[in-house]
Amino acid sequence: MRFKIYIKAVIYILRRLNIYPLRFLQSKIPCNLLESNLQMFSCLDDIKKKGITTLNLNSILPQSEILKLYDFVDLKIKTPGKIQVKSFIKEYIGGDYDSGIKLKFNDDDPILNLALNPFFLYLIKSYLKQDFYLIDIQLAETLSIKNKERKQSQRWHRDPSVRSLIKIFIYFSEVVKESGPFEYISSTHNNMNLNPINGPITTKRFGGSFYPDQNHLNNQIKDEKLIVNTLLGNKGKIIIADTTGLHRGGYCEKGSRLMCTLVYYPKGDPWSSRIRLNNNNKNLSKFQLSFIP
């Protein structure tokens with residue numbers, strides 16, 4: 001166990017120095033692809049400047065695929081689900097990433113295919129400027145709680161990263177103020193640098209999310225007039241964020257929130273993918289498969 005920690009520390013240092021041995025083998029996203037797709041260009045600009053952007057499923061998927069996806073999710077939430085690490089979250093897919101348990105998918109799984117949608121892959125690679133892996137998928141319901149005190153990810157925090165990562169959140173229920181919307185403080189992300197544009201700098205170096213002093217941060221938000229985005233939305237809303245930026249969510253006071261979370265880290269970072277395929281591939285392209293170990 002201690003050996004693994006040492007290896008992770010060495011990898012982290014190498015990545016901080018921006019060293020990745022296979023960098024020269026990486027293919028680049030053609031410039032004309034970004035320039036011709038105004039939506040992708042706009043989303044990329046938003047993430048670079050603010051750390052976050054939004055769109056809807058109907059912007060990237062035909063209606064027939066959206067309905068297929070909704071039917072799949074409806075079947076999933078009829079299963080018992082599990083409450084694992086967080087008492088206020090019931091997980092139908094994934095959860096407890098630190099357990100190391102692999103998640104196995106069929107190549108025609110609608111959630112996996114959404115995670116490997118070329119729009120997402122091109123956008124993320126254009127932002128990270130390097131190859132990356134899809135490392136986690138979660139479909140979870142945030143439950144209403146009586147506790148008035150925010151816990152764990154309900155508090156402002158930064159996700160662990162060397163320079164940057166991307167998380168995509170898709171609402172599968174209507175999300176109002178009482179049902180626990182995702183919140184994000186604009187321009188507090190690293191934007192592929194070692195330190196954030198604004199806000200307290202993480203003290204975590206080799207793993208773990210960083211939770212700054214909440215009272216101090218709330219005062220900073222007020223004093224410096226930082227912009228807090230509260231992402232309300234209907235079923236099908238997509239949020240794409242560099243979660244090195246300060247964010248929180250899931251504080252549900254009434255009803256519940258059903259959301260899918262897709263997580264992407266640069267190759268070479270010390271966070272491994274738990275995604276695996278069950279069967280011989282017939283439905284995914286070689287390009288899509290390159291984002292799964």
Side-chain angles (χ1 to χ4, degrees), residues 26-70 72-73 109-135 137 139 164-175 181-192 197 227-245 247 249 258-266 283-291:
Q26 297 184 48
S27 56
K28 296 181 179 179
I29 300 298
C31 292
N32 63 333
L33 179 67
L34 281 174
E35 293 169 356
S36 62
N37 191 319
L38 295 180
Q39 181 172 247
M40 190 182 298
F41 188 84
S42 176
C43 287
L44 179 61
D45 189 55
D46 280 345
I47 300 172
K48 285 180 177 179
K49 292 177 180 177
K50 298 184 293 185
I52 188 169
T53 192
T54 63
L55 60 157
N56 291 288
L57 279 174
N58 59 19
S59 300
I60 63 170
L61 291 179
Q63 188 64 22
S64 58
E65 288 190 32
I66 294 175
L67 294 176
K68 181 181 177 182
L69 181 63
Y70 287 167
F72 179 80
V73 170
D109 185 289
I111 294 285
L112 178 67
N113 278 266
L114 176 62
L116 296 175
N117 184 283
F119 180 91
F120 291 157
L121 300 180
Y122 285 132
L123 175 62
I124 296 167
K125 191 166 182 178
S126 298
Y127 176 67
L128 296 178
K129 297 180 182 176
Q130 63 186 93
D131 291 337
F132 61 91
Y133 281 136
L134 167 65
I135 76 158
I137 292 176
L139 176 65
S164 284
L165 74 146
I166 288 291
K167 282 189 177 179
I168 297 178
F169 308 92
I170 302 102
Y171 289 163
F172 282 99
S173 63
E174 182 183 6
V175 177
F182 177 80
E183 293 186 292
Y184 190 97
I185 305 177
S186 289
S187 303
T188 57
H189 60 305
N190 286 15
N191 193 21
M192 291 305 295
I197 296 172
I227 298 174
V228 176
N229 300 276
T230 300
L231 285 307
L232 310 178
N234 295 323
K235 182 178 180 180
K237 186 181 184 74
I238 300 172
I239 303 161
I240 305 174
D242 178 344
T243 52
T244 58
H247 62 286
L258 184 63
M259 187 173 79
C260 179
T261 304
L262 313 172
V263 186
Y264 308 83
Y265 270 88
N283 294 288
L284 299 174
S285 68
K286 185 177 179 181
F287 176 70
Q288 289 172 309
L289 288 171
S290 69
F291 299 94

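- Listed here is the closest heavy atom pair of Gln288 and Leu116: NE2-O, 2.9 Å.
- Atoms CG and CG, on Leu114 and Leu57 in that order, are 6.0 Å from each other to the nearest 0.5 Å.
- Separating the CG atom in Leu232 from the CD atom in Glu174 is a distance of 9.5 Å, to the nearest 0.5 Å.
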Check against side-chain contact (heavy atoms from CB on, under 4.5 Å), Ile166 and Phe120: CA-CA 10 Å; Ile166 288 291; Phe120 291 157; over 6 Å; no
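- Of all heavy-atom pairs spanning Ser187 and Ile197, the tightest one is O-CB, 3.4 Å.
- The closest side-chain heavy-atom distance from Ile170 to Leu262 is below 4.5 Å.
- Under a 3.5 Å cut-off, the side chain of His189 and the backbone N or O of Leu165 do not form any donor-acceptor pair.
- Contact detail for Leu128 and Met192: the closest heavy-atom pair is O-CE, 3.2 Å.
- How far CG of Asp109 is from CD1 of Ile137: 7.0 Å, rounded to the nearest 0.5 Å.
- A distance-only check finds a donor-acceptor pair linking the side chain of Tyr264 to the backbone of Ala115 [under 3.5 Å].
- Rounding to the nearest 0.5 Å gives a distance of 11.5 Å between CG of Asn117 and CG of Leu112.
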Test side-chain contact (heavy atoms from CB on, under 4.5 Å) applied to Ile240 and Leu55, step by step: CA-CA 8 Å; Ile240 305 174; Leu55 60 157; 3.7 Å; yes
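- With values rounded to the nearest 0.5 angstrom, Ile111 atom CD1 is found 4.5 Å from Phe172 atom CZ.
- Side-chain N or O atoms of Ser42 include none that pairs as donor or acceptor with a backbone N or O of Leu38 at under 3.5 Å.
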side-chain contact (heavy atoms from CB on, under 4.5 Å) between Ile60 and Ile238, worked out: CA-CA 10 Å; Ile60 63 170; Ile238 300 172; 4.0 Å; yes
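- Side-chain atoms of Asn56 do not come within 3.5 Å of backbone N or O of Asn58 as any donor-acceptor pair.
- For Ile227, the side-chain contact (heavy atoms from CB on, under 4.5 Å) criterion is met by Ser186, Asn229, not counting sequence neighbours.
- Nearest heavy-atom pair, Gly236 versus Tyr70, reported as atom, atom and distance to 0.1 Å: CA-OH, 3.5 Å.
- Considering CG of Leu121 and CZ of Phe291, their distance stands at 4.5 Å, rounded to 0.5 Å.
- At distances below 3.5 Å, at least one donor-acceptor pair connects side-chain atoms of Thr244 with backbone N or O atoms of Asn190.
- In this structure, Phe132 has its ring center no closer than 6.0 Å to that of Tyr127.
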Residues Ile52, Leu231; criterion side-chain contact (heavy atoms from CB on, under 4.5 Å); working and verdict: CA-CA 11 Å; Ile52 188 169; Leu231 285 307; 3.9 Å; yes
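- Between Lys235 and Tyr171, every side-chain heavy-atom pair lies at or beyond the 4.5 Å cut-off.
- The closest donor-acceptor contact from the side chain of Glu65 to the backbone of Pro62 lies at 3.5 Å or more, if one exists at all.
- The two residues Ser164 and Pro266 come nearest to each other via the heavy atoms O-CD, 3.5 Å.
- Across Tyr184 and Ala241, no two heavy atoms sit closer than the pair CE1-CB, 4.0 Å.
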